[in-house]
Amino acid sequence: MKLRLSSVFALVIALAACASLARSQVSEKAVQRIQKEVRHELLMLPYFGVFDNIAYKVDGYNVTLLDRSQGPA
């Protein structure tokens with residue numbers, strides 16, 4: 001669980017660093033590329049299971065991660 005979260009936060013930090021370097025208008029192509037990369041990284045998490053709900057929102061170069069994890073009832 002900690003490994004998964006640290007991987008996700010590393011991705012967010014890397015994207016935030018890119019955002020601080022480029023303060024210009026964000027193109028639609030760039031947003032689509034970021035969405036594709038974030039989705040790929042989330043799908044590659046090793047301990048992602050059916051009880052995990054991981055979502056994200058892309059706003060320019062900012063990526064907001066939303067997650068919720070719960071065990072079986």
Side-chain angles (χ1 to χ4, degrees):
M1 175 94 155
K2 287 185 179 184
L3 177 63
R4 173 175 49 140
L5 289 177
S6 63
S7 298
V8 171
F9 287 121
L11 173 67
V12 170
I13 290 170
L15 291 174
C18 291
S20 67
L21 293 175
R23 296 286 180 186
S24 63
Q25 191 71 0
V26 181
S27 69
E28 184 64 30
K29 186 176 180 180
V31 171
Q32 289 175 353
R33 182 186 56 80
I34 292 170
Q35 288 175 338
K36 182 179 178 182
E37 288 182 18
V38 170
R39 181 178 184 276
H40 174 75
E41 290 297 327
L42 291 175
L43 291 175
M44 297 305 293
L45 292 172
Y47 300 107
F48 185 73
V50 295
F51 298 107
D52 295 320
N53 179 18
I54 299 178
Y56 63 93
K57 180 179 82 167
V58 177
D59 182 26
Y61 288 111
N62 296 320
V63 178
T64 305
L65 296 175
L66 311 163
D67 81 348
R68 184 175 181 186
S69 181
Q70 60 187 21

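Numbers for residues simply follow the sequence, beginning at 1.
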For the pair Q32 and K36, evaluate side-chain contact (heavy atoms from CB on, under 4.5 Å) and give the outcome as yes or no after the intermediate values.
CA-CA 6 Å; Q32 289 175 353; K36 182 179 178 182; over 6 Å; no
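For the pair R39 and Y56, the tightest heavy-atom approach, listed with the atom from each and the gap, is CB-OH, 3.4 Å.
Partners of L66 by side-chain contact (heavy atoms from CB on, under 4.5 Å), not counting sequence neighbours, listed by chain and number: A55, T64.
Under the side chain to side chain contact (heavy atoms under 4.5 Å, CB included) rule, I34 has a single partner from V63, V26, N62, which is V63.
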